[in-house]
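Beneath this line is the structure, given in structure tokens, with notes to follow.
Throughout, residue positions are numbered sequentially from 1 according to the sequence presented.
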Amino acid sequence: MADTLPGVASRSLSPSDEEAIETGATPEHPLAHYQPPFDLLSDMIFVAALCPTAPLRQAYPSVPFLSIFGRTPLFMWFSRVKEIRYHDEGGEHGVMGGPNVVLYNELNVVAAMRQRGFFVPGIYATSPLTIQIGRGYYGMPKYPTEMTFQVAGRRLTSEERDGPCHTTLRARLFTRGALLGKVLSRLLPLRTWPACLPNGDSVRALIERTPRAQPAWVRGRLELDEPWLPEAAPLLPFGLYLPDLRMQLPRP
């Protein structure tokens with residue numbers, strides 16, 4: 001199967017979105033200073049939902065979405081990114097953040113396709129700089145948002161606001177996750193399936209390390225101000241929390 005799709009129209013940024021992104025670009029931090037590949041250290045929880053297929057096909061008619069009785073599986077990861085390693089314009093290594101720092105929060109949404117891969121209708125982040133990097137280097141459909149991500153003991157909560165819409169996640173984590181983390185580590189490093197983007201390109205991340213993996217009981221909903229999701233989609237009850245996951249985004 002091809003890893004790319006024909007270019008399809010994506011949501012345009014509003015003037016306020018453009019202004020928010022521009023505030024992340026300063027003479028001291030031009031986009032050219034941050035060059036791929038990027039190694040990210042993040043805490044992520046993976047969850048899923050089912051949404052109507054028809055609005056997805058109407059918004060992206062060239063994408064072969066998987067449909068099960070008129071519903072398409074959506075997979076999401078709510079994350080807090082703590083560290084980014086990159087290269088500067090001179091080829092030197094640079095680091096932002098660290099294991100005990102929170103740089104920004106992000107919600108990624110991908111839809112299952114009939115072919116091997118996923119389609120990415122939207123990524124929502126609290127950092128203007130990562131939006132610049134995602135859009136500039138990869139053509140990712142990244143948009144500004146307000147989002148929280150908190151872990152207290154075995155309770156995890158996250159909320160995201162997209163205009164008038166409100167996405168919520170409440171999760172109860174089971175076990176400490178060390179044993180399952182060891183099992184998953186035997187499969188790593190692992191290249192993900194292609195994530196196909198609205199501009200027709202695709203990206204395949206490299207999962208490098210995950211020391212723990214904690215199953216979670218989940219409740220909440222995905223609600224976005226998007227034509228392809230006209231109504232809130234309840235989250236399915238099971239999730240997987242991967243703290244301190246290290247992932248690499250390759251050169252485009």
Side-chain angles (χ1 to χ4, degrees), residues 5 7-26 29-31 34 36 38 40 42-49 51-52 55-60 62-63 65 72 74-81 84 96 102-111 118-149 158-169 195-203 205 220-233 235 247 249 252:
L5 293 169
V8 293
S10 62
R11 168 174 134 179
S12 60
L13 293 173
S14 68
S16 59
D17 288 346
E18 293 283 8
E19 182 179 358
I21 293 174
E22 287 301 323
T23 60
T26 67
H29 298 88
L31 181 60
Y34 304 98
F38 299 103
L40 290 80
S42 310
D43 298 332
M44 296 183 177
I45 183 165
F46 290 81
V47 297
C51 77
L56 275 169
R57 287 178 173 168
Q58 185 175 4
Y60 304 101
S62 64
V63 180
F65 291 108
T72 293
L74 296 179
F75 301 97
M76 294 148 275
W77 52 98
F78 295 71
S79 62
R80 57 183 179 189
V81 179
I84 302 177
M96 288 187 290
V102 177
L103 294 175
Y104 62 92
N105 298 322
E106 187 171 275
L107 169 62
N108 287 253
V109 182
V110 302
F118 301 96
F119 180 76
V120 186
I123 304 171
Y124 309 87
T126 61
S127 164
L129 180 57
T130 192
I131 295 171
Q132 285 187 314
I133 290 173
R135 294 176 70 92
Y137 282 118
Y138 301 98
M140 292 179 177
K142 278 198 172 190
Y143 308 105
T145 195
E146 297 178 2
M147 181 177 170
T148 62
F149 187 108
S158 183
E159 298 187 14
E160 186 268 347
R161 292 192 178 273
D162 183 23
C165 299
H166 186 198
T167 292
T168 61
L169 168 69
C196 299
L197 305 170
N199 67 354
D201 292 337
S202 68
V203 61
R221 66 180 188 179
L222 176 69
E223 185 181 31
L224 300 171
D225 189 16
E226 298 281 7
W228 52 267
L229 191 69
E231 59 187 41
L235 301 182
M247 176 179 69
L249 289 177

Side-chain contact test, heavy atoms from C-beta onward, threshold under 4.5 Å: evaluate it for Val110 versus Trp77 and give yes or no. yes

Separation between CD1 of Ile133 and CZ of Phe38, rounded to the nearest 0.5 Å: 4.5 Å

Output field: ring centroids Phe119/Phe65 closer than 6.0 Å: yes

Are the side chains of Leu129 and Met96 in touch, meaning some heavy atoms are under 4.5 Å apart? yes

Any donor-acceptor pair under 3.5 Å from Ser158 side chain to Thr148 backbone: yes

For Arg221 versus Thr167, what's the shortest heavy-atom pair and its separation? O-CG2, 3.1 Å

Nearest atoms (heavy-atom pairs only) where Pro141 meets Leu197: CD-CD2, 4.0 Å

Rounded at 0.5 Å granularity, tell me how far CD in Glu160 sits from CG in Leu169. 11.5 Å

Shortest non-hydrogen separation from Gly122 to Tyr143 and the atoms involved: CA-CE1, 4.5 Å

Kindly assign one of parallel, tilted or perpendicular to the pair Phe118 and Phe75, based on the angle between their ring planes and the thresholds 30° and 60°. perpendicular

Taking all heavy atoms of Val109 and all of Pro121, pick out the closest pair and write down the distance. O-CD, 3.2 Å

Are the side chain of Ser79 and the backbone of Val81 linked by a donor-acceptor contact shorter than 3.5 Å? no

Closest non-hydrogen contact found for Ile131 with Ala125 is CD1-O, 3.9 Å

Could you go through the side chain to side chain contact (heavy atoms under 4.5 Å, CB included) check for Thr145 and Leu107 one step at a time? CA-CA 9 Å; Thr145 195; Leu107 169 62; over 6 Å; no

Find the distance between CG (Leu74) and CG (Asn108) and round it off to the nearest 0.5 Å. 12.5 Å

So, does Asn105 use its side chain to make a donor-acceptor pair with the main chain of Met147 at under 3.5 Å? yes

Give a yes or no on whether the backbone of Arg80 and the side-chain of Asp43 come within a donor-acceptor separation of less than 3.5 Å. no

Search all heavy atoms of Cys165 against all heavy atoms of Asp225 and return the closest pair with its distance. SG-N, 3.6 Å

Let me confirm one number: the CH2-CD distance from Trp228 to Gln58, rounded to the nearest 0.5 Å. 14.0 Å

Side chains of Met76 and Leu235: does their closest heavy-atom pair fall under 4.5 Å? yes

Phe78 side, atom CZ; Phe149 side, atom CZ - distance, nearest 0.5 Å: 9.0 Å

Taking the side chain as everything from C-beta on, heavy atoms only, tell me whether Ile84 gets closer than 4.5 Å to Tyr104. yes

Nearest 0.5 Å, what's the CZ-CE distance between Arg135 and Met140? 11.5 Å

Are any of the side-chain heavy atoms of Cys51 and Leu56 separated by less than 4.5 Å? yes

